[in-house]
**Q** 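Sharing a structure with you now.
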Amino acid sequence: MSTPAKSDRTEAKPFLSQNIRDCIAIVSGILIYAVGFTVFILPHHIVIGGMAGFSSLIFYATGGRLPVAVVMYGTNILLLLCGFRYLGKGFVLRTIFGATLLSILIGSVEGYFTSHPPLVSSAPMSVIMGAVMLGLGIGIYFSHHGTTGGTDIVAAIMSHVSDISMGRVMMIIDVSIVALSFFLPFDGDMEARIQSRTQTIIYGWLAIYIYSWLADRYIDKGKQTIQFIILSEKWETIAYRITHETGRGVSMWDGTGYWTGEPRKLMLIWCRQNDVYQILRIVKETDENAYVTNSSVRSVYGNGFDRLKLKKSSLP
């Protein structure tokens, strides 16, 4: 039985290491999301967007007889079954993993936090704290290709059957879920209902704005593309280490020193923001006299970076 070549094993290390980092980040992000929602949002009877908000609606409408975690998981599975033909296998598997983990985390603690006084008595402060944790959690797991389903599934389906963008679909759904909380059971006349529900609806919309903004900022920062140009006499060692330790490709340019007339090799590397430190470390360890420039580039389309998408022009 033949054994894999040494180069094959070496090339597999960055891929395996990246998968482990992604898995740890996804679990951490989902954990932060679960804590932010269950500890700071749910105890104040505030409905937010997404599957968590929809599940909260059902929870409050049924007087707590249907737990949030159960509604969340059951609805996610139903949506996956309905939209399986429009969703890729990878998306489905990631959603099942994320939805299962999130439901387990929320289900294990929601009973305690819904039957005890809120940890933070001030509703505005609790909402802000919860929304910050939601945004951070979403940004972490989404930037590492994780998903917990919910409105992500609906938006993915809608993007296949219509020209509406995923972001717009998710915003419409989230705002509508919060608005529906106006019709939840309430002890009091219409005037008291309007006063009470208007306040919780505003809190819900505020939470959506905060966690959406934070998640977008986190994801955009992680997707920021950096361009390196490196000049070094030890170019071969640096190029080998960058390729095998970070998984990023290196392109070579032939150059000539004007003053010395000697040939030079210039290395061009495109990478993400989280690869910058590792590349700088490799250069420093290999050749402290190397010339290094780096700069932000607006977009890089192609393998390993962003996918080039062009809107189809509408037919007359």
Side-chain angles (χ1 to χ4, degrees), residues 12-43 48-56 67-77 79-80 87-114 119 129-156 166 170 174 207-208 210-224 246-247 272-275 277-278 304:
K13 287 182 180 179
F15 178 78
L16 179 60
S17 177
Q18 183 62 47
N19 280 345
I20 294 174
R21 289 198 300 267
D22 285 343
C23 186
I24 293 173
I26 290 171
V27 172
S28 301
I30 292 175
L31 177 60
I32 294 172
Y33 182 99
V35 172
F37 170 72
T38 312
V39 177
F40 298 101
I41 303 292
L42 192 60
I48 61 173
M51 186 55 65
F54 173 78
S55 303
S56 299
V68 173
V70 173
V71 176
M72 182 182 295
Y73 193 70
T75 307
N76 271 321
I77 296 302
L79 287 173
L80 285 175
L87 308 172
K89 181 180 178 182
F91 180 86
V92 171
L93 293 176
R94 293 196 308 272
T95 301
I96 292 175
F97 172 76
T100 302
L101 179 59
L102 182 61
S103 297
I104 291 174
L105 292 173
I106 291 178
S108 62
V109 296
E110 69 169 297
Y112 176 84
F113 287 101
T114 54
L119 187 64
M129 184 62 192
V132 168
M133 294 189 70
L134 292 178
L136 181 60
I138 293 171
I140 291 174
Y141 73 68
F142 196 79
S143 62
H144 289 268
H145 314 292
T147 176
T148 57
T151 50
D152 292 352
I153 302 175
V154 179
M166 289 184 64
M170 293 175 69
D174 288 350
I208 291 175
I210 292 173
Y211 70 65
S212 298
W213 185 85
L214 284 175
D216 286 343
R217 299 289 80 74
Y218 188 97
I219 293 168
D220 288 343
K221 182 179 179 181
K223 292 177 66 177
Q224 176 64 57
T246 71
R272 294 299 191 191
Q273 181 68 45
N274 53 13
D275 295 318
Y277 173 79
Q278 196 171 2

**Q** Measuring from atom CG of Leu119 to atom CZ of Phe113, what distance do you get when rounded to the nearest 0.5 angstrom?
**A**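 It is 6.5 Å, given to the nearest 0.5 Å.
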
**Q** Side chains of Leu136 and Leu214, heavy atoms from C-beta outward: is any pair under 4.5 Å?
**A**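 The answer is no, as the side chains (C-beta and beyond) never meet within the 4.5 Å cut-off.
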
**Q** How long is the straight-line distance from OH of Tyr211 back to CZ of Phe37, given to the nearest 0.5 Å?
**A** 10.0 Å

**Q** For residues 100-108, which side-chain donor-acceptor pairs fall under 3.5 Å, sequence neighbours excluded?
**A**
from   : atom 1 : to     : atom 2 : distance (Å)
Thr100 : OG1    : Tyr73  : OH     : 3.1
Thr100 : OG1    : Ile96  : O      : 2.6
Ser103 : OG     : Ala99  : O      : 2.8
Ser108 : OG     : Ile104 : O      : 3.2
Ser108 : OG     : Leu105 : O      : 2.8

**Q** Rounded to the nearest 0.5 Å, what separates atom CE in Met133 from atom OG1 in Thr38?
**A** 9.5 Å

**Q** For Tyr141, which residues count as a side-chain hydrogen bond (donor to acceptor under 3.5 Å, both in side chains) partner, sequence neighbours excluded?
**A** Thr148

**Q** Hey, are the side chains of Ile48 and Leu134 touching, using non-hydrogen atoms and a 4.5 Å cut-off?
**A** yes

**Q** Do Thr75 and Phe54 make a side-chain contact, defined as non-hydrogen atoms from C-beta onward lying under 4.5 Å apart?
**A** yes

**Q** Please give me the minimum heavy-atom distance between Arg21 and His144, naming the atom from each residue.
**A** O-ND1, 4.4 Å

**Q** Quick one: does Glu110's side chain have a donor or acceptor within less than 3.5 Å of a partner on Pro67's backbone?
**A**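 Side chain of Glu110 to backbone of Pro67: no pair is present.
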
**Q** For Tyr33 and Ala52, which heavy atoms make the closest approach, and how far apart are they?
**A** OH-CB, 3.5 Å

**Q** State, to 0.1 Å, how close Leu79 and Gly150 come at their nearest heavy-atom pair, and which atoms those are.
**A**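 For Leu79 and Gly150, the tightest heavy-atom pair comes out as CD1-O, 3.9 Å.
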
